[in-house]
Amino acid sequence: MSLGDPIPRRDGPLKVAGRATYAADQHPQGIAYAAPVLSTIASGEVLSIDTRPAMQRAGVLTVLTPDNMPALGQLTDLKGGTLGEPRLPLSDRLVEYDGQLVGLVVAESLELANEAAALVQIVYAPGTPRSEIERSSDRFRPKDFYGIAELQTQRGDVDEALSASPFRLQHSYETSVEHHNPMEPHATTALWEGDRLIVYDSTQGVISTRNVLAHFFGLPAGNVRVICPYVGGGFGSKGYVWPRTILAAAAAKATGRPVKLALSRQATFSNNGHRGRTIQTVSLGADQLGRLIAIRHHTLTQTSLAGVHVEPSGIATGMLYACDNVAVSHEVARVTTGSPTAMRAPGEASGVYALECAMDELAEAIGMDPLELRRRNHAVSDPETGKPFSSKHLLACYERGAQAFGWSRRDPRPRSMTANGMLIGWGMASATYPANMRPSSARVEAEPDGRFVVTAATQDLGTGAYTILAQIAAAALGVPVEKVRCELGDSALPEATLSGGSSTSASVGSAVHEAALKLRTQLSAGGAPMAEAHHEPGELEKQYSAHSFGAHFVEVAVDPELAVIRVRRVVSAMDVGRILNHRTAQSQIRGGVVWGIGMALMERTGFDPATGRLVTRNLADYLVPVNPDVPEIQVILIDEPDPHFGPIGARGMGEIGITGLPAVIANAVWHATGVRVRRLPIVIESILHQL
Ligand code: MOS
């Protein structure tokens, strides 16, 4: 067995058998159940809350409201963690979005808690909701995205270059509000042991959740323990700390009982984040050979009244292609919705969609093959920073993807290909996502029976962390992987990174690799049976620009009478550095592809413009691609270890699969039908009458 072997996920059998314990599966002695009271207006103020009818029910322990909510620490100086909604729950009487937590009932049973929550009487003074970015004049231009990427950038003279371009186009592309909808709804079980707080939370970051709770409850970090052995998906919605986690801990403190707060699917839609809507305007200028002369990419997106998070759609635009004149800008409108947050390749998913659709339109305008257009604009070094790429095999992705797909057989004319009465469309697009690495520690111990245990305060979101971290340790120790097990998902273990930005393998994997090498040396010298290592990005990583790249090729079939779109074939060729496990890697990329299909054809959160209320708050109205009827998804992994990115040369792969995929589908739909749809999701009505 070695690194890369396609061994099955170790947590698979537990999950299939129902033996994996999630946050809501905890039943500490004396547990009480919480139910949220959610606002039924999107904007305004709570004038009064009458909790008496609820409190009169036998078995109701408390109803927390802004009237009796215990004070928590200040919002300032929040270190080592982030609040999803930068505003404390029940801290005031303002209502800033539909479904805001305005109360929390704690009772002896879940049924009683839900029943009592419905008995809480609230009188509102309604304000004026505005859920649509076009209707909000409260706008600003954000400087950067959490200090990671600049959001207003310019190189060269874009106006001049655009007007001098032989070919130029400008189009607007829209993406919808989307909700993450992980299979496991958001849940927290909290209990106090004296001045120690123990929280079972469904989270992408046990350490950051611990830090946020310690801050707000005024405790040393060592007095808070966050436990999360399994996560049923997060997709970004469990990255930051949301109100329910804080409220569960506050309710446990107020009642002196362990409290479980497991949100219903409906309740997850309002305050666990979403991807903000975007309206993006892309201008491209090119010469007769298809070489880009200018790119302008402007994004209008949204955040909440209190929010700071924005969808940074333009962040990949300056890097993806060689071009001397590039301007990227972002404008944000404040709307009366819950706070947006990171969701499945925040920025790249929405932004590469717009850019790669515009590239397809440019190829059409020039009369050039879309793949050839990408090749001609290939960037050898990062055009934005001037740094060399740590490793880049995008040309190999184009070549191998095109060959596997049969791209050379594409007739470039729209509506030219048919099969069995269906209009057939072939499209392609580039994919990209940054390689992220964050400080992480890990410990490897030798046990007396010859086995080894790896521990780190990271978490397995269902992606395979338990499996690949064992593989990394086994390879470094020179032992069979069966001899190594992992314990993760507990903030009491060595501090490791939040699982976001596709960073877990590179971050925690590097620390595990180094700890295992250290232990191996120690053991051969007769030293201590335990080694710990800390890894963080160093001088090596600073010298290079590290990104993953890929190319998607898709075939769609469109019914010429009904305009029903079917994705028939996907080939995705991906350069993500070293492959640690071909099975989990395939699964990660396929997952991204499937979510890309969701973003392209299904996912959309609707708001009633009159009331600002959510109209899609369940999985009947918000469609997710749970059973995509795609006969074939072929993933080609280039598997070239990155020599300039960490000791194992593995870049992240959790998010790249979604990037570019909605564009490929839009481009393929155009090729099938001759209709350009510039809004996601692509709905039948948008092409039906033009067929
Ligand atoms: Mo991912 S959206 O960075 O959790």
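As the structure lists them, so they are numbered: ligands from 1, and atoms in each ligand from 1.
- A side-chain N or O of Ser329 and one of His298 form a donor-acceptor pair less than 3.5 Å apart.
- Residues satisfying the salt bridge (charged side-chain N to carboxylate O under 4.0 Å, His left out) criterion with Glu541, sequence neighbours excluded, are absent altogether.
- For the residue pair Asn271 / Arg244, no side-chain donor-acceptor distance below 3.5 Å is found, with atom types taken as modelled.
- Centroid-to-centroid, the aromatic rings of His644 and Phe389 stay 6.0 Å apart or farther.
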Where do Glu536 and Arg438 land on the salt bridge (charged side-chain N to carboxylate O under 4.0 Å, His left out) test, with the steps shown first?
-> CA-CA 6 Å; Glu536 55 186 59; Arg438 301 199 199 93; over 6 Å; no
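- Looking only at distances, a side-chain donor or acceptor of Asp98 sits under 3.5 Å from a matching main-chain atom of Leu614.
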Identify all pairs of nitrogen or oxygen atoms, one from ligand 1 and one from the protein, separated by less than 3.5 Å, and list them with distances.
residue, atom, partner, partner atom, Å
ligand 1, 3 (O), Gly501, N, 2.5
ligand 1, 3 (O), Glu655, OE1, 3.4
ligand 1, 3 (O), Glu655, OE2, 3.1
ligand 1, 4 (O), Gln204, NE2, 2.7
ligand 1, 4 (O), Gly236, N, 3.1

